[in-house]
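Okay, structure first, notes after.
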Amino acid sequence: MTPVCWDLLARYLASGNTSVAPCTDFFNFACGQAKGTDYSFQALAEENKKRLRRILEAPGSWHLGSGEEKAFQFYSSCMDTDAIEAAGAAPLRQVIEELGGWRISGNWTSLDFNRTLRLLMSQYGYFPFFRAYLRPRPTPPYTPVIQIDQPEFDVPLKQEKEQKIYAQIVREYLTYLNQLGTLLGGEPNKVQEHAFLSISITSQLFQFLRPLEQRRAQGKLFQMVTIDQLQEMAPAIDWLSCLQATFTPMPLSPSQLLLVHDLEYLKNMSQLVEEQLSIHRDFLQSHMILGLVRTLSPALDSKFQEARRSLIQKLGELTERPPMPARPRWMKCVEETGTFFEPTLATLFVREAFSPSTQSAAMELFTAIKNALVSRLRRIPWMDEKTRKEAQNRVTQLQVKMGAPEWALKPSLARQEYNDVGPCPCQLLISPQLLLSPLTRLSGRQSVHPGRSLTNPFLALIQLGPSYLQSFLSCVRSLRARIVQSFLQSFPYHRWQVSPWGVNAYYSIPDHVVVFPAGLLQPPFFHPGYPRAVNFGAAGSIMAHELLHIFYQLLLPGGCPACDTRALQGALLCLKHHYETIPLPNGTFFNGSRTFLENAADIGGLAIALQAYSKRLLWHRGETILPNLDLSPQQLFFRSYAQVMCREPGTQEPQDPHSPPTLRVHGPLSNTPAFARYFHCPHGALMNPSSRCQLW
């Protein structure tokens with residue numbers, strides 16, 4: 001056996017619990033002993049970051065001023081905690097002075113409110129009262145538009161909570177803001193007063209928020225208004241001035257259309273700001289600066305970071321959220337370097353982690369999966385003939401992007417990203433939320449990365465040092481300029497929404513493209529040297545799952561008028577009932593109405609991958625297995641599928657569109673007759689039910 005197969009065997013042996021009968025609890029059979037970061041996607045994401053770390057810490061000689069040199073310098077600056085500790089709060093005090101100071105420290109210049117807000121938005125990427133970002137329209141033609149959205153608060157200051165818990169939350173948040181003010185040399189009495197008023201403002205803003213579900217029910221997910229119209233409805237903000245400064249060099253005018261997500265919130269927010277300006281102008285200044293300090297604190301010394309960590313821990317205890325594991329410094333620094341220097345690191349990562357032979361093998365696997373789907377579409381009973389042919393054409397016309405964008409495979413093109421001449425064919429893979437909060441990644445929040453085409457020299461805008469905070473803010477400004485510039489140019493190809501080291505595949509509706517990044521096509525999900533059962537069961541089922549996203553619309557009410565509605569609804573009801581009868585580890589049952597689309601893709605994806613694998617076995621005899629597992633090739637296929645889903649039960653977000661991990665294993669496998677046949681499950685066992693569903 002090859003070393004990669006020995007590693008895979010060790011992983012399977014370590015995570016599985018063979019004392020559990022596979023026919024009664026296959027999730028525990030495959031994942032019962034997995035601990036900590038052994039959980040599939042999380043483990044793979046961390047392994048990719050470790051690879052980036054090795055790249056960034058490897059000795060090398062780079063051209064002066066190149067993207068490689070600046071990326072390595074930035075990473076080193078982030079890792080130099082001694083220098084960060086020595087600088088202390090001084091870099092942040094300098095930022096506060098640039099904003100006119102605040103009364104907490106006794107030095108305050110009463111600047112115009114909108115001037116301060118404009119500086120916060122354009123120079124520091126901080127949005128205290130609303131979010132503003134560039135993103136494609138949610139409906140055709142998907143052209144980019146400035147969007148105004150509700151702000152993001154990291155502290156749940158909602159009065160609806162039980163009064164005792166709400167009071168404790170306020171107390172903890174007040175303690176935290178007092179710590180920030182004290183660390184910045186504020187007088188304790190003034191700090192206390194200003195912190196309390198800041199909490200009051202935040203709490204009032206919270207009351208103005210309307211949940212997404214409420215806005216959807218009212219048919220007001222978004223509205224198109226001009227800057228002029230918004231100025232009339234929310235006059236406290238100088239919208240044209242603030243947006244022009246933030247989205248320079250995009251030319252804006254009063255007639256510029258904006259996409260507003262919650263107009264009522266903006267009206268109420270504007271009224272609150274006007275009230276505060278008339279009676280508490282200095283408190284409003286302190287509120288904005290405290291918010292900025294809170295946002296920038298992860299880039300400061302350990303005193304600020306410890307205060308932040310303590311707040312998050314205590315709030316987690318009060319709201320009964322599972323504790324977030326502490327992340328090592330190197331991981332934060334890798335993420336930040338990847339954000340600011342993505343074209344550079346993309347090329348280095350792909351060169352090391354995604355060889356041409358790996359790409360070729362992955363494409364061969366995808367072709368087998370795609371062919372199996374085309375074949376399967378011929379036998380779907382609820383599709384009419386016209387819909388069936390259209391569906392097959394959609395699959396055959398689909399574009400697939402594998403590994404990385406084309407420019408990442410050509411170092412000379414990626415290097416143009418930072419040149420002074422010529423257009424760069426690269427794409428910027430960056431979250432639009434970095435336009436509104438430069439430290440979203442430092443604070444641990446993750447986001448999707450809508451890519452944008454790039455031109456021109458922005459590396460020269462990055463001035464590293466003398467402090468890490470100054471380096472970071474310089475990178476933020478450079479990045480924003482690149483993002484805005486990219487939206488001003490047309491780009492004829494698909495814009496990647498993940499970095500090459502990401503682990504999330506996706507299907508793009510506007511471009512009819514499916515994307516599998518290099519970071520996903522890694523062990524333990526895929527390797528050219530693995531047994532075919534592993535590659536088809538793990539990576540193959542993921543590929544098939546993403547392909548089925550093409551047909552989501554057909555499953556929605558009225559999505560396929562020409563189809564056999566009775567047969568389709570019967571299959572969907574069967575699927576719903578199937579998932580609702582499978583018990584969770586705690587003995588309860590899951591309401592799958594919110595997750596039925598992903599459940600359908602899970603069940604269909606497994607069936608398609610199994611069909612493709614079975615066909616491959618017919619054509620290519622002599623399948624290999626992993627020793628010491630006592631699993632046949634077909635059993636190894638199912639074990640590899642389950643391994644992808646390994647995850648600690650109860651760790652997913654409330655809005656996760658997927659079912660809990662045990663259901664993602666038991667739902668599809670128990671619906672697959674071949675599983676019960678190869679594992680010899682008795683009739684009526686959990687994994688061999690009396691009836692099954694056929695949707696795909």
Ring-face cation of Arg639 near Tyr12 (centre distance under 6.0 Å, axis angle within 45°):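 Output yes; distance and angle both within limits.
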Give a yes/no verdict on a cation-pi contact between Arg135 and Tyr133, requiring under 6.0 Å between NZ or CZ and the six-membered ring centre and an angle within 45° of the axis.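 Geometry flag: set, cation within 6.0 Å and 45°.
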Show your working on side chain to side chain contact (heavy atoms under 4.5 Å, CB included) between Met645 and Cys31 and close with a plain yes or no. CA-CA 9 Å; Met645 304 301 176; Cys31 310; 6.0 Å; no
The criterion is salt bridge (charged side-chain N to carboxylate O under 4.0 Å, His left out); which residues satisfy it with Glu352, sequence neighbours excluded? Arg51
Rounded to the nearest 0.5 Å, what's the gap from [atom1] on [X] to [atom2] on [Y]? Could you check?
X	Y	atom1	atom2	value
Thr662	Phe27	OG1	CZ	6.0 Å
Ser357	Phe354	OG	CZ	9.5 Å
Leu554	Ile380	CG	CD1	9.0 Å
Leu663	Asn599	CG	CG	7.5 Å
Arg378	Lys389	CZ	NZ	12.0 Å
Arg692	Cys574	CZ	SG	11.0 Å

Does the side chain of [X] reach to within under 4.5 Å of the side chain of [Y], using non-hydrogen atoms?
X	Y	result
Tyr579	Asp602	yes
Gln694	Ile603	no
Pro627	Leu9	yes
Ile542	Phe41	yes
Leu377	Leu373	yes
Met543	Leu547	no
Glu580	Phe590	no
Pro524	Ser640	no

Can you name the nearest heavy-atom pair linking Pro583 to Leu686, along with the distance? CD-CD1, 4.0 Å
What closest approach, in Å, do Ile369 and Ala609 show between heavy atoms, and which atom pair accounts for it?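 Result for this residue pair: CD1-CA, 3.8 Å.
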Please determine, by modelled atom types, if [X] and [Y] share a side-chain donor-acceptor pair under 3.5 angstrom.
X	Y	result
Gln397	His512	no
Ser355	Thr358	yes
Glu598	His545	yes
Gln42	Arg647	no
Arg664	Ser659	no

Just say parallel, tilted or perpendicular for the rings of Trp696 and Phe551, cut-offs at 30° and 60°.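 If you compare the ring of Trp696 with that of Phe551, the planes turn out tilted.
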Between the main-chain N or O of [Y] and the side-chain N or O of [X], is there a donor-acceptor pair closer than 3.5 Å?
X	Y	answer
His666	Met687	no
Thr367	Met363	yes
Gln634	Phe679	no
Thr672	Pro668	yes
Asp511	Val513	no
Ser40	Cys646	yes
Gln611	Ala372	yes
Asn671	Gly667	no
Ser541	Gly537	yes
Arg131	Gln150	yes

Should Leu626 and Met1 be marked as a side chain to side chain contact (heavy atoms under 4.5 Å, CB included) after you check the CA-CA gap, both sets of side-chain angles, and the distance that decides it? CA-CA 8 Å; Leu626 294 176; Met1 256 197 343; 4.0 Å; yes
Go through the steps to decide whether Ser670 and His578 satisfy the test side-chain hydrogen bond (donor to acceptor under 3.5 Å, both in side chains), and finish with yes or no. CA-CA 9 Å; Ser670 63; His578 177 70; 3.1 Å; yes
Could you tell me which residues satisfy ring-ring contact (aromatic ring centres under 6.0 Å, His included) with Tyr641, sequence neighbours excluded, listed by chain and number?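 ring-ring contact (aromatic ring centres under 6.0 Å, His included) check on Tyr641 returns nothing, list empty.
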Give a yes or no on whether a salt bridge exists between [X] and [Y], defined as a side-chain N under 4.0 angstrom from a carboxylate O.
X	Y	value
Glu385	Arg388	yes
Lys401	Glu406	yes
Glu335	Arg327	yes

Over 12 foreign heavy atoms within 6.0 Å of [atom1], [X]:
X	atom1	value
Ile509	CD1	no
Asp630	CG	no
Arg566	CZ	no
Gln223	CD	yes

So, Tyr552 versus Tyr507, ring centres under 6.0 angstrom or not?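 No, too far apart.
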Using the rule ring-ring contact (aromatic ring centres under 6.0 Å, His included), only one of Phe29, Phe638, Phe637 pairs with Phe675; which is it?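 Of all the options given, the one that passes is Phe638.
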